Every structure is written in structure tokens, then in C-alpha cells.
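Here's the structure we're looking at; comments come further down.
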Amino acid sequence: MIWNPNKECMSREQMRELQGKRLHKIVEYVYHNVPFYRHKLQEMDLSPDDIRTIDDIVKLPFTTKKDLRDNYPFGLQAAPQSEIIRIHASSGTTGNPTIVGYTRKDLSIWSECMARSLTAYGVGRNDIFSVSYGYGLFTGGLGAHNGVETVGASVVPASTGNTEKHARLIRDLGVTGIACTPSYALYLAETMDRLGITRDQIKLRVGAFGAEPWTENMRKEIQDRLGLKGFNLYGLSEIMGPSVSYECDEQHGSHINEDHFFPEIIDPVTLEPLPAGQTGELVFTTLTKEGMPVIRYRTRDLCSLLPGECPCGRTNVRMSAIQGRSDDMLIIRGINVFPSQVESVVLTMKEFAPRYMLIVDRINNLDTLMVQVELRPDVFSATLDTPAAIDELEKRFAAKLKSVLSIGAKVQIKAPGTLERSEGKSTRVIDKRKLY
Ligand code: DLL
């Protein structure tokens, strides 16, 4: 089944023509409604009339996460506030999150994109589908939720946490589909083992997994343990949320909803476009978004676009699995974390030297984060001479970290000079997670 064959199975010529028209319109729209883009285009001596076909996209400037941060909170919003009916936020490289406002039309397009994904996974009206991405500012929960309602399956808005209750609900309600991070799926499998819930007591058959990188080995393990078929779901809040791209039954790359999100692959150093098949940084232009459209947004995700036709009948282009990032963003329990966020907290506390280390691990399929930080020598000898004083400082540090990162971290305060030094670029992160 295909949700919208008119858009998912267009000929390449029709698609490029549609993309060209939409690109011209969106450039005109941001030119008149977002001073940031108007100034950028004027600086480059470009007017919306210079953008006529999709090939003209290479003339346009890039947008980065820093641009979004510098224009916090609403600087890149194109629609008037009265038209915005939902606001999501995702973490940025400093304390400021990225704010994304959606109009009613944006939400309806997002629901359709999510419905396309679920339909490709084989989800239909008779399914009972649990959404176990976090509901809230994160786009995973509500994004997937609206898609499930759009296809007409019964949505169970389980969100994250309370995993034992969730495991019992999956058994008792006969839940047939689940959307969550792949690591949460493994955690759920473990919880079921602990509760004595066996594969033949549950009816799960489809999983929509994403929000973090995962591998074929993880797919196999989740499938074996939960008895379902696991599909990739990709997206990012700056562009929309989950369902920028989705796997079909062939599971050879994820089809991009390219009538709404135009993909390019560039060399992250030279910024030159790369030909199909080559791995580079994925860049998206939103072709229809009203709330916060973005032009040539650098995702920092590394992947390739896969040439050739897909036997499933969909003609929209596929992207490979994400192979890494061109920046230092970590994804911990589905939350984006930048070492610079930790640094910003360390720098606000006079007790600490600017030396810290993030140690990321995966224990019982749950990501953990430990932050080690060094004391300044004068503080070490003068005031921090009792375990109670160190304990108080650790608690204060942990609380500040939590408010900036949105996830809890263990903290360890180290004596001056004890964190490892390196000769060249300093190592701030040790990621012990084996992605199998
Ligand atoms: O993670 C949206 C989402 C929710 C996608 C639920 C899929 C499912 P952000 O919090 O803005 O949005 O994080 C976006 O997460 O740039 C990738 O680095 C990573 N990511 C998302 N999906 C995948 C995936 C949501 N399927 C960032 N595979 C992106 C690998 C993924 N990485």
C-alpha cells in the first residue's frame, strides 16, 4: 500500500518540475517575510526571480544551526504568530534550544508525511499502535501520534518511561506496532524478559525506529527479541520532525518526502555538491513549510543518496542510513547533546578548571552519561576539604547540567591535573557505546 501515489510515485521529470516551482515560491516567501534571508540574498545580489528551476538551488546560501541560534527564538519564523498553532524545540549547541513554529498547514503536511511512512511499514486501520517517543517539546511523540491518527490506527500515547506498565499494555491490548528509539526497543525487550512476558504473548509486528543512529545488527536483535519487522524513520526538528524519510518493505535506504524536503549532499569542507552515491553532508530545503522554512539547512548528518529505482514502486529518492556526523553532536537516549553545552556549564562554576570529559556508555541497553570535571588547584586546597563539601558541589553541578542538557548525568569531580591531557586536539568525549 502507498499512502499518496500521486506524490510518492511521480516521474522524475514531474518531481523536478514541482520542486522547481515550489523552490521559487518558497524563496519569494522567505525574501518577503524573513529579514535574515532577504539580507543574505541581497548580499549575494540574488533575487527570487533568479531561482526558477530546482537546479538553481546551488546559487542559494546555506543555513546552519548557528543561524537558528543567533536568531533565537523567532527570528527565522516566516508566518505571523497568529498563524502558528504549535511550537517545538530541540537542543542547540549552547543553552538556547532551536524553536520551530508550525502553522496548521505545516502540521497537516507533517501528518501526511508520517502517514506515508506508516503506510510503507504496513500499518493500517486495524493496528493498535503505541507511540513511545517522548511527548513534549521533542518532535518524536506528537509527530508520530498525528500520523497514526491520520492512517486511522488506534494510537496508544505511551510516551517514554514507565516501561513495565507499557510492556503489560503491549501484551494486554494486543498492540501491533510501536514507534520508539531503537535503544528503547531493546530496553523494552529486556523489561519484558524480566516480567516473564514472552514473544508468543505479544502481537507486535511493526516497529518505527529512529531519532538516533542504529545498525543492521541492532535491527536483527530487536526483530528477534520482539518478533516484529523494524523500519527506519528519519527526521529532524529544524526540517519538520520524524518522517522526513522512511523505509519501505525493501529496506534498502529511506525514501525522502522530496516533494516537501529537497535533499542535497555536499562536501562538508568545500561545501560543493557531491554526485549521487557519494557520502557527504545531507542538506535540506523545505519546499512548502510556512512556519519556519529553511533554505539549504546543513543537517551535519553524513549519508549518501541512492541512485536507481526501488522495486516498491515509490520513485522518491532514497538516502542511506546515517553514517556519522560532521560535528560533535552526541545522541544520548534520543536527546541531542553537544560537549559545548557541558562546557558552558563548567565555565559558569568558579570552582572548576575548564577541563572536562564526557563518558558515554550503554548499560542494559540504556545510554548513560558521566561528566568528569577538574577542580581548580586553589579551590582544591582551600575550601573543598570535606566529603560533604564535594558532595554539595557535585549535586549543584549535576542540577545545572540537567537543566541545560535535559537529561540526567552522573558527575565526578576530579583533583587538579588528573584528567588526561592530549597533545593535539583535546578529547572531550569517550563514547564506549558499541553500535554492535
Ligand atoms: O530526532 C526527530 C525524530 C523523532 C526522528 C523520532 C525520528 C523519529 P531531532 O531531535 O531534531 O529530531 O534530532 C535530529 O537525530 O539530525 C540525526 O542526527 C538523528 N536522527 C534522527 N533520526 C535518525 C535515524 C528527531 N533514523 C537528529 N537514524 C538528526 C540516524 C537519526 N539518526
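Worth saying up front: this structure is predicted, and the values here are computed from it rather than measured. All ligand and atom numbering here is 1-based and tracks the order in the structure. Worth knowing before you read on, the calculation uses all heavy atoms, side chains too, and leaves out hydrogens, waters and symmetry mates. Sequential numbering from 1 along the given sequence is applied to the chain's residues.
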State the atoms of ligand 1, each with its element, that fall below the 4.0 Å cut-off from a heavy-atom position in Phe138. 1 (O), 4 (C), 10 (O), 25 (C)
Show the atoms of ligand 1 that are less than 4.0 angstrom away from any heavy atom in Leu233. 7 (C), 8 (C), 22 (N), 24 (C), 26 (N)
Between Glu17 and Lys21, does any NZ, NE, NH1 or NH2 come within less than 4.0 Å of an OD or OE carboxylate oxygen? yes
Just jot down the ligand 1 atoms closer than 4.0 angstrom to any heavy atom of Gly140, in number order. 4 (C), 6 (C)
More than 12 heavy atoms of other residues, nucleotides or ligands under 6.0 Å from CD of Gln81: yes or no? yes
Side-chain ion pair, Glu164 and Arg194, N-O less than 4.0 Å: yes
Can you tell me the protein heavy atom closest to atom 19 (C) of ligand 1 and the distance? Ile331 CD1, 3.5 Å
Should the heavy atoms of other residues, nucleotides or ligands under 6.0 Å from NZ of Lys229 be counted, would the total exceed 12? yes
A student checking ligand 1 against Asn232 at a 4.0 Å heavy-atom cut-off should list atoms 24 (C), 26 (N)
Among non-hydrogen protein atoms, atom 7 (C) of ligand 1 lies closest to Ala211 N, 3.3 Å
Which atoms of ligand 1 are found less than 4.0 Å from any heavy atom of Gly210? 7 (C), 8 (C), 26 (N)
Give the residue and atom name of whichever protein heavy atom lies nearest to atom 25 (C) of ligand 1, and the separation in Å to one decimal. Gly235 O, 3.6 Å
Counting heavy atoms under 4.0 Å, the part of Glu212 that contacts ligand 1 is backbone
For Tyr133, which part has a heavy atom under 4.0 Å from ligand 1: side chain, backbone, both, or neither? side chain
I'd like to check which ligand 1 atoms, numbered from 1 as shown, lie under 4.0 Å from a non-hydrogen atom of Arg325. 16 (O), 18 (O)
For atom 16 (O) of ligand 1, which of the options Val100, Asp301, Thr181, Leu236 provides the nearest non-hydrogen atom? Asp301
Describe, in one word, how the ring planes of Tyr184 and His166 are oriented to each other, choosing from parallel (under 30°), tilted (30 to 60°) and perpendicular (over 60°). parallel
Residue, atom and distance of the protein heavy atom nearest atom 11 (O) of ligand 1 read Ser237 OG, 2.5 Å
Distance check, rounded to the nearest 0.5 Å: Thr285 atom OG1 versus Leu60 atom CG? 7.0 Å
Parallel, tilted or perpendicular, as decided by the 30° and 60° cut-offs, for the rings of His145 and Tyr135: perpendicular
Quick test: of every protein heavy atom, which one is nearest to atom 13 (O) of ligand 1, and how far off is it to 0.1 Å? Asn336 ND2, 3.3 Å
Look at Arg325 together with Glu281 and state whether they make a salt bridge at an N to O cut-off of under 4.0 Å. no
Does the cation-pi check pass for Lys289 over Tyr102, that is, NZ or CZ under 6.0 Å from the six-membered ring centre and within 45° of its axis? yes
Using a 4.0 Å heavy-atom cut-off, which part of Ile335 comes near ligand 1: side chain, backbone, both, or neither? neither
Member of Arg318, Arg12, Arg116 meeting the salt bridge (Lys or Arg N to Asp or Glu O under 4.0 Å) criterion with Glu258: Arg12
